[in-house]
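Input: a single structure, listed below in structure tokens.
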Protein chains: 4
Amino acid sequence: MSESAKPRTAREIRSAARRDAIIDAALEEFSFQGFAAARLDDIAKRAGVAKGTIYLYFADKETLFKELVRAMLTPLIGQFEALAKTDIPFPLLAERLADVAAREVAGSRRRDIIRLIIAEGPRFPEIADFYYREILSRVFAALQTILTRAFERGEIRHRGLVDFPQLLVAPVLIAATWSSLFEKQAPLDIQALLKAHIDILLDRGSAS
Amino acid sequence: MSESAKPRTAREIRSAARRDAIIDAALEEFSFQGFAAARLDDIAKRAGVAKGTIYLYFADKETLFKELVRAMLTPLIGQFEALAKTDIPFPLLAERLADVAAREVAGSRRRDIIRLIIAEGPRFPEIADFYYREILSRVFAALQTILTRAFERGEIRHRGLVDFPQLLVAPVLIAATWSSLFEKQAPLDIQALLKAHIDILLDRGSAS
Amino acid sequence: MSESAKPRTAREIRSAARRDAIIDAALEEFSFQGFAAARLDDIAKRAGVAKGTIYLYFADKETLFKELVRAMLTPLIGQFEALAKTDIPFPLLAERLADVAAREVAGSRRRDIIRLIIAEGPRFPEIADFYYREILSRVFAALQTILTRAFERGEIRHRGLVDFPQLLVAPVLIAATWSSLFEKQAPLDIQALLKAHIDILLDRGSAS
Amino acid sequence: MSESAKPRTAREIRSAARRDAIIDAALEEFSFQGFAAARLDDIAKRAGVAKGTIYLYFADKETLFKELVRAMLTPLIGQFEALAKTDIPFPLLAERLADVAAREVAGSRRRDIIRLIIAEGPRFPEIADFYYREILSRVFAALQTILTRAFERGEIRHRGLVDFPQLLVAPVLIAATWSSLFEKQAPLDIQALLKAHIDILLDRGSAS
DNA sequence: GATGAATGAGGGTTCATTCAT
DNA sequence: TATGAATGAACCCTCATTCAT
């Protein structure tokens with residue numbers, strides 16, 4: 001989870017493990033309670049460390065929050081950009097993207113990060129900034145490449161998708177929030193939802 | 001804004017106005033700060049009343065929050081269900097819905113309520129419950145009626161949309177959150193986004 | 001103790017009384033514990049208020065400390081400058097000053113303030129600044145006037161006293177700190193000490 | 001700086017050096033911050049040792065503080081008592097004392113110890129006790145011998161000085177605190193101040 | 001009803017002290 | 001011996017809630 005160079009000594013390994021444990025616990029607490037309501041006491045307890053220990057790894061609550069977001073999102077982007085570079089037919093690519101999205105979204109942790117960013121973004125402009133700069137802008141740049149190519153090849157029929165790649169990912173966002181909030185009331189089959197989405201975009205499997 | 005029976009006496013009118021002022025102020029503060037970080041002091045100041053006055057209208061902070069969500073959402077639903085009952089062609093209906101959504105979404109207040117529900121839902125299951133029961137389930141029931149009819153009439157070509165009405169509204173959600181978080185970094189033309197969405201669903205304006 | 005205009009309404013009177021009670025309690029705690037070791041909890045308890053109440057009157061611990069010093073010292077200076085303006089013979093004036101000093105010094109409160117300034121001055125340059133600007137510089141200006149006049153009249157025989165008025169007040173300082181620290185080990189007769197000091201300066205009562 | 005028997009082995013020498021380094025660092029930190037506000041972390045850093053190392057040499061923070069005071073003051077007294085035993089004329093002796101005082105006072109370290117004792121005395125009665133017993137009482141005993149002899153020889157004309165040796169040292173105290181607190185606002189010529197003091201006591205250099 | 005001073009529990013943060021390495 | 005990561009008690013400050021006016 002930590003993006004820095006692999007630690008070598010026993011102490012460094014334990015230290016990195018602790019840092020990760022704190023980040024994990026923080027994700028759990030922050031995403032359930034929100035930033036303000038989460039208590040460092042609870043995070044410490046969940047991470048199995050003393051309250052003061054958190055301050056050996058993070059300057060304060062806010063820094064912990066920002067590091068958490070950074071740690072969760074950074075690994076995503078490389079994986080995604082790699083996928084964008086492959087020159088496979090769009091229908092195949094779309095299905096792979098849907099697969100990854102469904103798994104990443106279903107994996108409760110990443111879904112909660114998305115919720116956290118939506119929830120706390122206005123109060124932490126740096127978070128929104130970071131997220132836009134490091135993640136969104138790169139994701140959308142890659143998407144635009146993919147979609148332009150697909151449109152030129154005739155794999156998709158609508159310019160609108162090229163202009164608004166948001167339309168491609170919108171169902172992922174709704175799936176993430178829906179399953180986060182209404183799982184109890186009305187569970188959602190994310191895989192099927194995304195499949196239907198792709199079918200519509202590719203205009204296949206229609207009608208009868 | 002208050003949904004209760006119209007007040008009659010001068011005192012009742014003043015009282016209702018105060019209640020509304022508090023709710024308005026609360027929306028402003030809650031949606032920017034989140035529930036936990038918002039301060040009753042600030043809400044009172046913004047509403048132009050003393051801190052203690054809030055307790056004459058709401059039992060406590062949590063109750064104020066729930067009443068706020070209820071007050072903001074309840075008026076929406078009637079308006080929406082009325083629209084669903086009209087038997088106009090789907091393309092026309094879709095455009096009207098997009099129009100309403102764009103305006104309601106652009107109107108910062110409602111967009112912030114959506115963000116609030118996403119943010120605080122997990123900590124206030126009653127809010128999520130209420131929202132699902134009173135709003136979402138009714139919205140989706142209406143949508144299903146509309147979409148089924150449209151599908152049977154051949155106005156839309158994909159069953160998937162009938163099974164997952166979420167796909168119809170997903171762009172509204174992404175427009176709401178995007179404009180709430182990234183207006184500064186990359187403003188979004190919501191009207192154009194929704195128009196492109198409808199064009200894709202109706203398979204019109206495609207290609208060249 | 002508060003230097004502001006006399007409060008009039010019942011609430012204002014109670015409010016001013018509370019402020020004074022807090023200042024009194026703070027003096028007690030700060031002068032015994034020092035700034036860092038003093039606990040707001042103890043100050044509140046001693047003042048008979050809740051911890052939070054202190055923050056209604058003072059922005060934080062540091063402000064309370066500064067206000068305390070200001071409140072204790074400000075009333076002193078006027079009284080002293082008035083004395084300096086009277087044109088009585090120096091020997092008489094010196095005795096009156098000694099009297100005031102002995103009483104103010106013996107009055108444990110002022111003596112503790114002096115100790116506090118000595119103790120915390122280096123860490124609170126603003127305190128040292130304020131003390132020098134508002135108190136010391138004015139005291140020494142007045143003293144210089146007094147001593148110059150006395151020297152010209154032949155009431156004192158040494159220029160050195162005019163150049164270093166500190167020599168006039170040095171015994172007051174030592175009396176204050178001595179009685180604050182070593183009362184138990186070796187009580188000091190402050191009145192007699194100051195009388196001996198004046199006798200030396202005036203070169204009277206010498207030898208047998 | 002350590003008063004214990006000279007260490008012999010290499011290890012003992014290193015150990016004694018460390019102890020001294022810690023004491024030096026502690027003096028610096030304690031005298032600037034006061035006992036409560038000084039941080040062992042900073043002392044360790046300044047001494048160039050790890051935090052835990054301090055506990056190998058001192059039981060706890062309070063013990064370190066007391067040892068520090070003891071270590072700084074003990075060497076003073078021997079030097080002073082030696083001076084008292086010499087049978088030189090009082091005017092000469094007084095000038096030598098003034099010289100020593102000016103140098104010891106100007107040397108920031110000792111001056112800060114004085115400030116520390118004044119500041120922390122009430123909270124550490126043992127410190128005040130120790131200081132009175134080991135230093136003050138012996139200093140004043142020696143002074144009384146000196147002053148009695150000087151008075152009997154006619155070198156000074158006032159009994160008061162014999163009864164209150166404090167009057168002899170008061171200017172040293174004021175010089176120490178003044179230069180510690182108000183160097184910036186109004187620097188003090190300590191040598192000249194003490195010279196003027198002696199001139200007054202010896203009744204020389206008077207008038208024009 | 002309306003006010004806002006007062007309360008005090010709660011949480012973020014610091015730091016003396018310990019102890020495994 | 002020496003280290004410094006880890007601990008957790010303690011303290012400043014905030015803020016939801018109460019209540020006398």
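So that the names make sense, note that chain A is the first sequence line, chain B the second, and so on, each numbered from 1.
Considering only residues two or more places apart in sequence or on other chains, B:Arg110 meets the side-chain hydrogen bond (donor to acceptor under 3.5 Å, both in side chains) condition with B:Glu104.
When every heavy atom of B:Ile127 is checked against every heavy atom of B:Val69, the shortest pair comes out as CD1-CG2, 3.8 Å. The shortest heavy-atom contact between B:Ala21 and B:Ala47 is O-CB, 3.7 Å. Considering all non-hydrogen atoms of both residues, C:Ala119 and C:Pro122 come closest at O-CD, 3.9 Å.
The bend of the helix from E:dA2-F:dT21 to E:dT21-F:dA2, defined by the angle between the axes of its first five and last five pairs, stands at 0° to the nearest 10°.
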Show your working on side chain to side chain contact (heavy atoms under 4.5 Å, CB included) between C:Arg11 and C:Arg14 and close with a plain yes or no.
-> CA-CA 5 Å; C:Arg11 169 169 293 179; C:Arg14 276 210 9 207; 5.8 Å; no
Residues C:Val49, C:Leu56; criterion side chain to side chain contact (heavy atoms under 4.5 Å, CB included); working and verdict | CA-CA 11 Å; C:Val49 301; C:Leu56 296 176; over 6 Å; no
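Within the structure, salt bridge (charged side-chain N to carboxylate O under 4.0 Å, His left out) contacts touching residues 52-65 of chain B (residues at least two apart or in different chains) are B:Glu62-B:Lys66.
Of the two residues near DNA chain E, A:Arg11 and B:Arg11, the one whose nearest nucleotide lies more 5' is B:Arg11.
Of the residues in residues 38-61 of chain B, B:Val49, B:Ala50, B:Lys51, B:Gly52, B:Thr53, B:Leu56, B:Tyr57 come within less than 4.0 Å of DNA chain E through at least one heavy atom, sorted by number.
Within the 4.5 Å cutoff, no side-chain heavy atoms of D:Leu68 are placed close to those of D:Phe58. C:Asp20 places none of its side-chain heavy atoms less than 4.5 Å from the side chain of C:Tyr57.
We find that CG of C:Leu64 is positioned 16 Å from P of F:dC11, with the value rounded to whole Å.
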Report all side-chain donor-acceptor pairs from residues 25-43 of chain D shorter than 3.5 Å, counting only partners two or more places apart or in another chain.
| residue | atom | partner | partner atom | Å |
| --- | --- | --- | --- | --- |
| D:Glu28 | OE1 | D:Arg109 | NH1 | 3.3 |
| D:Glu28 | OE1 | D:Arg109 | NH2 | 2.8 |
| D:Glu29 | OE2 | D:Arg46 | NE | 2.9 |
| D:Glu29 | OE2 | D:Arg46 | NH2 | 3.0 |
| D:Ser31 | OG | D:Leu27 | O | 2.8 |
| D:Ser31 | OG | D:Glu28 | O | 3.3 |

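Here A:Arg18 lies in heavy-atom contact (under 4.0 Å) with sugar-phosphate atoms only.
The footprint of chain A on DNA chain E, defined by a heavy-atom cutoff below 4.0 Å, extends from E:dG11 to E:dT14.
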